[in-house]
**Q** 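Sharing a structure here in structure tokens format.
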Amino acid sequence: MRRILIVGAGSAIAEATARIFAERGDAIFLVGRNPGVLESIAADLKVRGARAIGMEVMDAGNLSAHVALLDRCEEFLGGLDTVLIAYGTLSDQKACESSAELTDLELHTNAVSVAALLTPIAARFEQRRSGAIAVISSVAGDRGRQSNYVYGSAKALVTAFLSGMRQRLYKAGVSVITIKPGFVDSPMTAAFRKGLLWAKPHRIAEGIVRSIDRSSTVAYLPWFWRPIMFIIRAIPEFVFRRLKL
Ligand SMILES: NC(=O)c1ccc[n+]([C@@H]2O[C@H](COP(=O)([O-])OP(=O)(O)OC[C@H]3O[C@@H](n4cnc5c(N)ncnc54)[C@H](OP(=O)(O)O)[C@@H]3O)[C@@H](O)[C@H]2O)c1
């Protein structure tokens, strides 16, 4: 049985992942911004077989709330061995281009707050010499594109932060898993026209649980994003700057 903290538990991908954990009988602590959403997810997870379900409302952008939240989560679960950080906002790129404040807020939510939250989690797991930390980054962090580089650069920070943390925590036996989904049909992308490359949240969720169980390092989900992003990264800048991506 795992004792799992999910931050951003209201996310469609997180909810689908929590369902798999619940069906395996894991104990789960849900954290999100919307109490009504958390309550309905908690009720569903209980029915699906979760051993215990705790919850707390927190805006992850409020860095000073992180440590006390971790304390209460550990107290409720009687320890903690698995963390999934799933929250995020899809930045309005055009609006960010004319607002430094909005750009700051987007970078704070998608990058700075994630790094801040990971800091005490990493310290606790390193001291205990065990644990799994999975964070949802994005393929968007693999290369900045004109259509979404505020969001992409925040995810790039998360990806690089996790890479360094993985090296540091390897010696302590703590696994750090970078989840890089491609296009996922969730509320975040409700306004987008969907095509062949799109995946449903439950497919991403299966990949997340598999990656945690196997202590993977970097998981592109679905798998075909790994070769796609290999090619995107390989395009030379003098060509890339002319592309309309
Ligand atoms: N959908 C995609 O195509 C895609 C692709 C690659 C990566 N991702 C990443 O996957 C993760 C999950 O996204 P999703 O697709 O499942 O979208 P989603 O259903 O829209 O979920 C996003 C969640 O993040 C929460 N959130 C936003 N800001 C927060 C904050 N400051 N504190 C706490 N919670 C906050 C939202 O809460 P509220 O409901 O309160 O706003 C919402 O529950 C995100 O990190 C996203 O960047 C998504």
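Note that ligands are numbered from 1 as they come in the structure, with each ligand's atoms numbered from 1 the same way. Because the structure is predicted, anything quoted here is derived from the model rather than measured. Atoms considered below: every heavy atom in the structure, side chains included; atoms not considered: hydrogens, waters and symmetry mates. Throughout, residue positions are numbered sequentially from 1 according to the sequence presented.
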**Q** Anything under 30° is parallel, anything over 60° is perpendicular, the rest tilted; go ahead and classify Phe183 against Trp198.
**A**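 Parallel, since the angle between the ring planes stays under 30°.
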**Q** Can an N or O of Gly88 be found at a distance shorter than 3.5 Å from an N or O of ligand 1?
**A** yes
**Q** Flag Tyr87 as yes when one of its N or O atoms lies below 3.5 Å from any N or O atom of ligand 1, and as no otherwise.
**A**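 Between Tyr87 and ligand 1, an N or O pair is found under 3.5 Å apart.
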**Q** Under a 3.5 Å distance rule, please check whether Lys194 uses its side chain to pair with a backbone N or O of Ala199 as donor and acceptor.
**A**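 Looks like no, no N/O pair under 3.5 Å.
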**Q** Mind checking the OG-CD1 spacing from Ser11 to Ile136? Nearest 0.5 Å is all I need.
**A** 5.5 Å
**Q** Considering both backbone and side-chain atoms of Arg33, is one of its nitrogen or oxygen atoms within less than 3.5 Å of a nitrogen or oxygen in ligand 1?
**A** yes
**Q** Is the shortest distance from a heavy atom of Pro201 to ligand 1 less than 4.0 Å?
**A** no
**Q** Is there a polar contact between ligand 1 and Val184, counting only N or O atoms under 3.5 Å apart?
**A** yes
**Q** Is Tyr151 close to ligand 1, meaning an N/O of one under 3.5 Å from an N/O of the other?
**A**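 N/O-N/O distance under 3.5 Å: yes.
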**Q** Should the proximity of Thr89 to ligand 1, defined as any heavy atom under 4.0 Å, be assigned to the side chain, the backbone, both, or neither?
**A** side chain
**Q** Looking only at protein heavy atoms, identify the closest one to atom 12 (C) of ligand 1 and say how far it is in Å.
**A**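 Answer, as residue, atom name and distance: Ala86 O, 3.0 Å.
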**Q** Taking both backbone and side-chain atoms of Trp198, is any N or O found less than 3.5 Å from an N or O belonging to ligand 1?
**A** no
**Q** Answer yes or no for Gly32: is there a heavy-atom contact with ligand 1 below 4.0 Å?
**A**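 Per 4.0 Å heavy-atom rule, Gly32 does not contact ligand 1.
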**Q** I want to confirm something. Looking only at heavy atoms, which of Ser113, Ser186, Ala16 is nearest to atom 1 (N) of ligand 1?
**A** Ser186
**Q** Would you mind listing which atoms of ligand 1 come within a distance below 4.0 Å of any non-hydrogen atom of Thr189?
**A** 1 (N), 2 (C), 3 (O)
**Q** Can you tell me if Glu15 has a non-hydrogen atom under 4.0 Å from ligand 1?
**A**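 It does not; every heavy atom stays at 4.0 Å or beyond.
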**Q** Would Lys155 count as a contact of ligand 1 if the rule is a heavy atom under 4.0 Å away?
**A**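 It does, in that a heavy atom of Lys155 comes within the 4.0 Å cut-off of ligand 1.
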**Q** Is atom 39 (O) of ligand 1 less than 4.0 angstrom from some protein heavy atom?
**A**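 Answer no: nothing from the protein, no heavy atom, is under 4.0 Å.
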**Q** Using a plain distance cutoff, I'd like to know if Ala60 has any nitrogen or oxygen under 3.5 Å from a nitrogen or oxygen of ligand 1.
**A** yes
**Q** Ligand 1 and Ile13, any nitrogen or oxygen pair closer than 3.5 angstrom?
**A**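 N/O-N/O distance under 3.5 Å: yes.
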**Q** Considering residues, nucleotides and ligands other than Arg2, do more than 12 of their heavy atoms fall under 6.0 Å from its CZ?
**A**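 Enclosed: over 12 neighbouring heavy atoms sit under 6.0 Å from CZ of Arg2.
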**Q** Consider ligand 1: state whether an atom of it lies below 4.0 angstrom from any non-hydrogen atom of Gly182.
**A** yes
